[in-house]
Undergrad: 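Dropping a structure here in structure tokens format, bear with me for questions.
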Amino acid sequence: MIIAVDGPAAAGKGTLARALAAHYGFAYLDTGSLYRGVAHALLKDGLAPGDADAALKAAENLDPGLIDPVAIRTAEVGDAASIVAVMPPVRAAILAFQRHFAAFPPDGAKGAVLDGRDIGTIVCPDADIKLYVTASPEVRAKRRFLELQAAGSPLSEAEVLADVMARDKRDTERATSPLKPAEDAHLLDTSNLSIETAFGSAVDIIETHRG
Ligand code: DC
């Protein structure tokens, strides 16, 4: 069973996808971490995220097991990730790994939950369940601001909002695999929902689908 969870930055899809994977005993893949891993590899070597040749090389050489989970969480890496994610060859280089994970979840898991921007549309168009998780830009910026602040970031909430809106624009307007809900996706607006309520709604959708 494959559950696709897509949506814009800081909509709460990672928290939701992780909780669903734990609930059903499925494997979980945060596909944004792959793009962040590519971006981090470039920044670490002093290379510009817009350097297409270097980005492709980094994507081809990416070992998902070696991605530093803490270092990729900065605003700078997130921003650079959305720049490398615009490049079709980078996306193509990462696609096979994501599809393989979905088809053959590690550790014998009976299903997989993948979160990202194009899981329901491109990576797993045949996913059993597709959720499109969203929230207003202001709510998402607030959540991301609190996360970054807790991690010691000096960015103001207004700066984080500007960053969220810039990333939305880049993610939705790119030519290849733009962020958009799959036609058969269930929309979940978490602007006014707690994590628990959003999780409950997602489980309801999944259980209804399973019949
Ligand atoms: O979800 P995130 O903030 O970790 O994602 C970082 C960037 O990676 C995001 O701005 C766009 C890109 N991304 C993508 O293009 N496709 C995905 N499936 C996941 C992330």
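Both counts, for ligands and for their atoms, begin at 1 and track the order of listing. In what follows, residues are counted from 1 in the order of the sequence shown.
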Undergrad: For the residue pair Ala135 and Arg143, what are the closest heavy atoms and their distance?
TA: CB-NH1, 4.0 Å

Undergrad: Can you tell me the protein heavy atom closest to atom 12 (C) of ligand 1 and the distance?
TA: Ala85 CB, 3.6 Å

Undergrad: Check ligand 1 against Asp171 and write out every atom of the ligand that is under 4.0 Å from a heavy-atom position of the residue.
TA: 9 (C), 10 (O), 11 (C)

Undergrad: Checking side-chain contact (heavy atoms from CB on, under 4.5 Å) between Arg167 and each of Asp79, Ile83, Leu179, Thr172, which is the one that passes?
TA: Asp79

Undergrad: Quick one: nearest non-hydrogen protein atom to atom 5 (O) of ligand 1, plus distance?
TA: Arg117 NH2, 3.5 Å

Undergrad: Does Asp118 reach ligand 1 with a nitrogen or oxygen that is under 3.5 Å from one of the ligand's nitrogen or oxygen atoms?
TA: yes

Undergrad: Given Gly32, Ser82, Gly78, Ala39, which one has a non-hydrogen atom that is nearest to atom 20 (C) of ligand 1?
TA: Gly32

Undergrad: Of all the non-hydrogen atoms in the protein, which one sits nearest to atom 4 (O) of ligand 1, and at what distance?
TA: Arg36 NE, 2.6 Å

Undergrad: Does any N or O in the side chain of Ser153 come within less than 3.5 Å of the main-chain N or O of Thr74, such that one atom is a donor and the other an acceptor?
TA: no

Undergrad: Quick check: does any side chain N or O of Asp45 sit under 3.5 Å from a backbone N or O of Leu47, one acting as donor and the other as acceptor?
TA: no

Undergrad: Are Asp30 and Arg36 within salt-bridge range, i.e. N to O under 4.0 Å?
TA: no

Undergrad: Is the closest heavy atom of Arg170 to ligand 1 under 4.0 Å?
TA: no

Undergrad: Is the shortest N/O to N/O distance between Arg167 and ligand 1 below 3.5 Å?
TA: yes

Undergrad: Identify, by atom number and element, the atoms of ligand 1 in contact range of Ala81, meaning under 4.0 Å from any of its heavy atoms.
TA: 6 (C), 7 (C)

Undergrad: Should the heavy atoms of other residues, nucleotides or ligands under 6.0 Å from CG of Asp53 be counted, would the total exceed 12?
TA: no

Undergrad: Pull out every atom of ligand 1 sitting under 4.0 Å from any heavy atom of Arg91, numbered as shown with elements.
TA: 14 (C), 15 (O), 16 (N)

Undergrad: Which of the numbered atoms in ligand 1 are below 4.0 angstrom from a heavy atom of Lys13?
TA: 1 (O)

Undergrad: In the protein, what heavy atom is nearest to atom 8 (O) of ligand 1, and what distance, to one decimal place, separates them?
TA: Tyr35 CB, 3.5 Å

Undergrad: If every non-hydrogen atom of Val203 is compared with every non-hydrogen atom of Tyr24, which pair is closest and at what distance?
TA: CG1-OH, 3.7 Å

Undergrad: One residue to check: Arg174. Relative to ligand 1, which of side chain, backbone, both or neither has a non-hydrogen atom less than 4.0 Å away?
TA: side chain

Undergrad: May I ask you to decide if Tyr132's main-chain N or O and Lys13's side chain share a donor-acceptor pair within less than 3.5 Å?
TA: no

Undergrad: Do any N/O atoms on Thr31 end up under 3.5 angstrom from N/O atoms on ligand 1?
TA: yes

Undergrad: Please determine whether a side-chain nitrogen of the Lys or Arg among Asp163 and Arg144 lies less than 4.0 Å from a carboxylate oxygen of the Asp or Glu.
TA: no

